[in-house]
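Only one structure is covered here, and it is reproduced in the block below.
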Amino acid sequence: MPLNGLSAKCQVRDIVNEQKIISIITPFYNECKMVDIFYESICAVIGQMSELDFEMICIDDGSTDDTLKALVNVAEKDSRFHIIELSRNFGKEAALTAGIDAATGDALIPIDADLQDPPEMIPDLIREWLKGAEVVLARRVDRSSDSLLKRKTAQIFYRVHNRISTIEIPENVGDFRLMDRIVVDTLKKLPEQHRFMKGLFSWVGFRTVTIDYVRPGRFAGRSKFSAWTLWNFALEGITSFSTVPLKFWTYIGGFGALTTLLYALFTIIKTVIYGIDMPGYASLLVAVLFFGSLQLISLGVLGEYIGRIYMETKNRPLYVIRKHYGIKH
């Protein structure tokens, strides 16, 4: 049966007369132990879908272990694997962008190297695409493999982001999804230097369906995202798609000014009626420190936005490719 159980009626795009190409994009950073496991898992899945052609684009994001060597060995024995070596570690968002730019398929599937996004879901994504969906999201319905702190902070982030931003990011949906070529071409037109890919994926829109899956644990290695990295990632997402933090401090400033005015009037009236009291040095010190802290925080929020404007004006490339492996020019 074609496409691992996909019915003939689903093949509305006529893959018999025109064989489609699916691009699978995977960034790697110090994942040497995962390369062979990833290769075997992907090949086991795509080997069941002979009606489609596949290209696997693996991006080595400046790994310091033997990840690149392992990826090159895979490319040498399997022509479907194309390796992009970046000149240094540019971060996952830049590496993912490099893969998107290089992809030639009719549809594209980003997937993590740690296999917490199970390759066995790929036929399900393709099935929905063949029915006419332009974006197929894979939503994690069980994140018990993650720590309690990570689950709770992720939940808070999604709720805060979606409340203050005009672009809603689907909760518990990562980069793992399928995107039609029309979606990929639209993404490639977006010029942002600071790229929050989950937000950009949501911003472009298009016809979208969602399928659920249970997220397994990592097969090997450990996550490269520390708590500090995730915090900065959250700030990137919020400041990239919302100006509410700037407006918030405008309201705080207005409230502080109103409170100060009322207190000044109270002090004048009290002085006229009761005369001048001894100065309250403690309350004065608290007031100065409190409003000084608010000013510093507001300057920090403003600095986040100004910093992003500054970096955007540089117009530097998002990534630098050192070498290609397994790609015929």
Task: Short N-O contact, Lys92 and Asp175, less than 4.0 angstrom - done: yes
Task: Main-chain N/O of Ile182 paired with Thr186 side-chain donor or acceptor, under 3.5 Å - done: yes
Open item on the list: Using side chain to side chain contact (heavy atoms under 4.5 Å, CB included), reason through Tyr29 and Thr67 one step at a time and then give a plain yes or no.
Closed with: CA-CA 7 Å; Tyr29 177 64; Thr67 297; over 6 Å; no
Task: Non-hydrogen side-chain atoms of Ile100 and Lys188 separated by less than 4.5 Å - done: yes
Task: Nearest-0.5 Å distance, CG of residue Leu137 to OG1 of residue Thr210 - done: 4.0 Å
Open item on the list: Between Ile42 and Thr26, is there a side-chain heavy-atom distance shorter than 4.5 Å?
Closed with: no
Open item on the list: Can you give me the closest heavy-atom contact between Tyr39 and Val74, atom names plus distance?
Closed with: CD1-CG1, 3.5 Å
- [ ] Would you give the length of the straight line joining atom CG of Leu178 to atom CD1 of Ile111, rounded to the nearest 0.5 angstrom?
- [x] 11.5 Å
Task: Side-chain heavy atoms of Leu52 within contact of Ile126, under 4.5 Å - done: yes
Task: Phe90 versus Asp61, closest heavy-atom pair with distance - done: N-OD1, 2.8 Å
Open item on the list: Main chain of Ile321, side chain of Ser87: is a donor-acceptor contact present, judged purely on distance under 3.5 Å?
Closed with: no
Open item on the list: Whether Lys189 and Asp185 form a salt bridge (side-chain N of Lys/Arg under 4.0 Å from carboxylate O of Asp/Glu) is what I want to check.
Closed with: no
Open item on the list: Nearest 0.5 angstrom please: Asp60 CG to Ile84 CD1, how far?
Closed with: 10.5 Å
- [ ] Taking all non-hydrogen atoms of both residues into account, name the closest pair between Ala133 and Val209 and its distance.
- [x] CB-CG2, 3.7 Å
Task: Nearest-0.5 Å distance that lies between atom OG1 in Thr104 and atom NE2 in His82 - done: 7.5 Å
Open item on the list: Contact between Asp36 and Phe38 at the side-chain level, heavy atoms closer than 4.5 Å - yes or no?
Closed with: no
TODO: Compare every heavy atom of Glu31 with every heavy atom of Ala113, then report the nearest pair and how far apart it is.
DONE: CB-CG, 4.3 Å
Task: Any side-chain heavy-atom pair of Glu128 and Ile211 under 4.5 Å - done: yes
Open item on the list: Do Ile21 and Val135 sit in one hydrophobic cluster, given that two such residues count as connected whenever their side-chain heavy atoms are within less than 4.5 Å of each other, even indirectly?
Closed with: no
- [ ] Before accepting this row, confirm whether a basic side-chain N of the pair Asp124/Arg127 lies closer than 4.0 Å to the acidic partner's carboxylate O.
- [x] yes
Task: Rounded distance [0.5 Å steps], CD1 in Ile122 versus CD in Glu120 - done: 8.5 Å
Task: Short N-O contact, Arg139 and Asp212, less than 4.0 angstrom - done: yes
Task: Salt-bridge criterion met for Arg207 and Asp180 (N-O under 4.0 Å) - done: no
Open item on the list: If you apply the rule side chain to side chain contact (heavy atoms under 4.5 Å, CB included), what do you find for Tyr319 with Ile59, and how did you get there?
Closed with: CA-CA 11 Å; Tyr319 54 87; Ile59 306 94; over 6 Å; no
- [ ] Would you sort out whether Glu85 and Val72 count as a side chain to side chain contact (heavy atoms under 4.5 Å, CB included), showing the intermediate values?
- [x] CA-CA 10 Å; Glu85 179 190 1; Val72 172; over 6 Å; no
Open item on the list: Could you report the tightest heavy-atom contact between Leu187 and Met179, atom names first, then the distance?
Closed with: CD1-SD, 3.6 Å
Open item on the list: With a 3.5 Å distance limit and no angle check, can you tell me whether Ser23 reaches the backbone of Ala103 through a side-chain donor-acceptor pair?
Closed with: no
- [ ] Identify the heavy atoms of Glu55 and Gly105 that sit nearest to each other, and give their distance.
- [x] OE2-N, 3.5 Å
TODO: Would you please indicate yes or no on a ring centroid separation below 6.0 angstrom for Phe81 and Tyr325?
DONE: no
TODO: Please check if the side chain of Asp66 supplies one atom and the backbone of Cys32 the other of a donor-acceptor pair under 3.5 Å.
DONE: no
Task: Any side-chain heavy-atom pair of Phe176 and Pro110 under 4.5 Å - done: no
TODO: Return yes if some donor-acceptor pair links the side-chain N/O of Asn30 with the main-chain N/O of Ser63 below 3.5 Å, else return no.
DONE: no
TODO: Starting at CG of Asp112, measure out to CD1 of Ile25 and round the result to the nearest 0.5 Å.
DONE: 12.5 Å
Open item on the list: Do Val35 and Phe28 have side chains that approach each other closer than 4.5 Å (heavy atoms only, starting at C-beta)?
Closed with: yes
Task: Leu108/Ile24 under side chain to side chain contact (heavy atoms under 4.5 Å, CB included): CA gap, chis, key distance, verdict - done: CA-CA 6 Å; Leu108 184 149; Ile24 298 177; over 6 Å; no
